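One structure is given here, and the rest of the page talks about it.
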Amino acid sequence: MKFGGTSVATLPRWQNIRELVASRRAEGARVLVVVSALTGITDALKQMCAQEDKGKRVEAARAIAQRHYDLLDHMQLAVPATLAERLSELAMLAEDGPGAMGELAWAALVQAHGELMSSALGAAFLSHAGLPTEWLDARDCLAAVALPNQNERTKLLSAMVEARPDPALNARLAELGEVFITQGFIAREAQGRTVLLGRGGSDTSASYFGALLKAQRVEIWTDVAGMFTANPRQVPGARLLQRLDYEEAQEIASTGAKVLHPRCLSPLREPRVPMLIKDTNRPELEGTVIGPEVREHAPSVKAISARKGITLVSMESVGMWQQVGFLADVFAQFKQHGLSVDLIGSAETNVTVSLDPTENLLDSDAIAALASDLAKVCRVKVIAPCAAITLVGRGMRSMLHTLSGVLAEFGQIRVHLISQSSNNLNLTFVVDENVVDDLLPHLHELLIAAGALRTDDSALFGPSWQALYGSGEVAAPAASWWRTAERERLLRLGAERTPRYVYHLPTVRQQARELKSLGAVDRLHYAVKANTHPAILKALAEEGFGFECVSPGELKAVLAAVPESAPLLFTPNFAPRADYEWALTTRATISLDALYQLENWGELFRGREIVLRVDLGRGLGHHEKVRTGGSGSKFGLPVELVDSFLRLADAHGVIVRGLHAHLGSGILDEGHWGEVYGQLASLAERIGSVAFLDIGGGLGVPSHPGEARLDIAALDRVLRSVKAAYPHYQLWMEPGRYLVADAGVLLARVTQQKGKGSWRYLGVDTGMNSLIRPALYEAWHEIVNLTRLDEPATGLFQVVGPICESGDVLGTDRRLPEAQEGDVVLVAQAGAYGKVMSSPYNMRDEAEEVILD
Ligand code: ADP
Ligand code: ASP
Ligand code: MG
């Protein structure tokens, strides 16, 4: 667990650290804490090094010491001996100056004191707070390697470590204790001198330790809940990236996202140690998981980042054209000066390269020396200060067509260089530094609007920074009826009998009314597959909803429960002929989604008005298995077959009255339905007979803490703007989950517990037989011990059911109070796709359903 500068600077932060470390201990893990210096201390030490006046150096060292005394005061701790030693050493270094040690080695040792001091302070605090913690000198574990072409500066201030799994270190630590604290940022080289890993290098220390110890996980605890699609301080609308693979994360970090040190991912790749980025202050937020591979449904730009302080070196030579060895000659100069080149652009008579300040210790002397040597072989122009703006995403080349609006933006400004990385992960533009701050938020917005940054993919893109942190607009905890007003009743119901589904009708009505506020929508159908309980069907009929059914069984359930007048839709998929035959005897409007039905059973539909379900060529949703569009899904008629369908319809006297598309579920991006609406409308223009457009459902309900709810007013604005262009079509929608998910809970009772290695299992009396969503979709449902709702959640459990399948897990890594047999456990948000997807598997009793009104 690595804690950055702001995470270690105050007493409340250290209290958080204590709790977080304790929780990992409770999971049975041994913990190595890696800390940065307190915020501002590395800068202060660096300034102290630049100070030639001894008196001022000593004064600076005193001020730095005072910061630590102040924090200890707050902690009500005496100065521990380990810290006192460091402080007197620092005072001496200030007093003596570089001396025989040499300027660079002295500066490295001085700056190393930031981390040496913060870790000494942390060891004292944690031990005092009941968590015995061993202080470890990172320099004894991390050995810097000498690399060819390193100069003295990079060797001492930007060193690298080769971190291979080291079982001996692991064994040594195992003998010493369970919790350790050590320093980020520092290592030791072969001659025994202290070296630094480069600014921000504590992340990389954590990764080196993660690789050496082959850790279960490296956790980076900082002041934001993960890696975002842009620097959130600059772009408040930036979205949390929930999952990234090593390569993409590496690319985002090395193109400017300061949240991770650019070198901190490569040590983890080979040992395949996953990394998690979390907010020390808001540990309940999900954060970013970085690991070996991430499946995604469509290529997307993942982030836009910017690096300032870039220097461009432009080299002109008329004689260079096809001249053998010209590039070798110029690059030899860069090597000589210890400068690493980042981007390259070349032409007949010009080569331009960029120098990145994070990889190079750039100063005006270094550049001037380089330029004067280069001048011997070509004409040199140095362009600075510049900034590099980078779009990152796997498969950039396949996304170019989506970027036209974004590229147009660069027409307004001077672009010095464009470079596309050969790993196909990034596209970079070098521009003048002063335009970047204004440009970035704008580009981020354009990327989303253009569909290049596919924020509708809710498995990858989490909430925006603003939604998580800004203006207190954090999503309210999902449907709290069970937490408050109905808790006692639920406890009684659970004590009587489990498993039980309990549905809260007032919540269903409330959701229905919210959707009815969508002024642009002419007709709402409830997709009954989500929950077919008659009381729910009745309540929604009373709210004026129509019903969308996918089987004769569902149609019969609706016909039995609701009045004659409620509109019905029948939208089956790969159903037998008999289903259509029967449905045609009801009042349902029938939808077709293939050529087959008219080709083979055309007579059935003669003279009928039908709906055509089309596939717009892509799918969306919170999991691969809920995406219902694109050639990988079995739903809908591909758009390119629409004309053939229309010919068949004509031949059989069938009238296409409606067009329908539904791309998937769990979508939390309002823009999505506007897109579908627009596409269907323009298709309808070609058909003539169409009177209504059904843009499907899929309205997401946030499940994870911090996810923002759909903004229904914003959705209405999106829909109204499309409707203004196509007022002649009625607009239909068919939400399911949105109406019922939060209205239902599953009650179960604790059966048994078991500890296995570092894992603790909490058994309840029903599992995937009642609720299959976690197993099928990796869906996340909040789980609480309703009996002990007010007790502190001190244990970390895997909540499992009694079914003979290893996938029978309702929730992983859940923080819950210590439980007892018979406690009532509640699984939230189970009103949709709960009971309806349950099964008699293992011949266990099915959950009973109870209605609260
Ligand atoms: P620490 O001191 O914990 O190491 P840093 O300041 O080094 O923290 O890194 C966290 C900061 O990185 C955030 O506060 C944010 O301002 C910045 N940052 C820049 N780009 C990004 C991004 N794409 N995602 C998240 N944070 C970013
Ligand atoms: N303290 C060092 C710095 O400020 C290293 C770090 O915080 O990651 O650069
Ligand atoms: Mg950092």
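Ligands are counted one by one from 1 in listed order, and the atoms in each one are counted from 1 as well. Predicted model, so just to flag it, every value in this text is computed and none were measured.
- Contacts of Ala450 classified as side chain to side chain contact (heavy atoms under 4.5 Å, CB included), with partners at least two apart in sequence or in another chain: none.
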Given the rule in the side chain to side chain donor-acceptor pair (under 3.5 Å) test, do Thr194 and Arg139 qualify, once you have shown the distances and angles that lead to the verdict? CA-CA 7 Å; Thr194 297; Arg139 294 168 297 185; 2.9 Å; yes
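- In this structure, Glu115 has a heavy atom closer than 4.0 Å to ligand 2.
- For a threshold of 3.5 Å applied to N or O pairs, the pair formed by Thr42 and ligand 2 contains at least one separation below that value.
- Residue Gly201 places a heavy atom under 4.0 Å from ligand 2.
- Below 3.5 Å of separation, one finds no N or O of Lys2 facing any N or O of ligand 2.
- Pocket lining of ligand 1, defined as residues with a non-hydrogen atom under 4.0 Å away: Lys2, Gly4, Gly5, Thr222, Asp223, Val224, Gly226, Met227, Phe228, Ala230, Asn231, Pro232, Arg233, Ala257, Lys258, Val259.
- Remark: Phe410 engages Phe429 in a ring-ring contact (aromatic ring centres under 6.0 Å, His included) (not counting sequence neighbours).
- Residues Glu251 and Lys302 are not paired through a salt bridge, judged by the lack of any N-O separation under 4.0 Å between the basic side chain and the carboxylate.
- Note on ligand 2: Gly200 sits in its first shell, one or more heavy atoms being nearer than 4.0 Å.
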Return a table of donor-acceptor pairs under 3.5 angstrom between the side chains of residues 16-23 and protein atoms on other chains or two or more places apart.
unit_1 : atom_1 : unit_2 : atom_2 : d
Asn16  : ND2    : Thr280 : O      : 3.3
Asn16  : ND2    : Asn281 : OD1    : 3.0
Arg18  : NH1    : Ala129 : O      : 2.8
Ser23  : OG     : Leu20  : O      : 2.8

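- Counted by atom type alone, His74 and Thr10 present zero donor-acceptor pairs between their side chains at under 3.5 Å.
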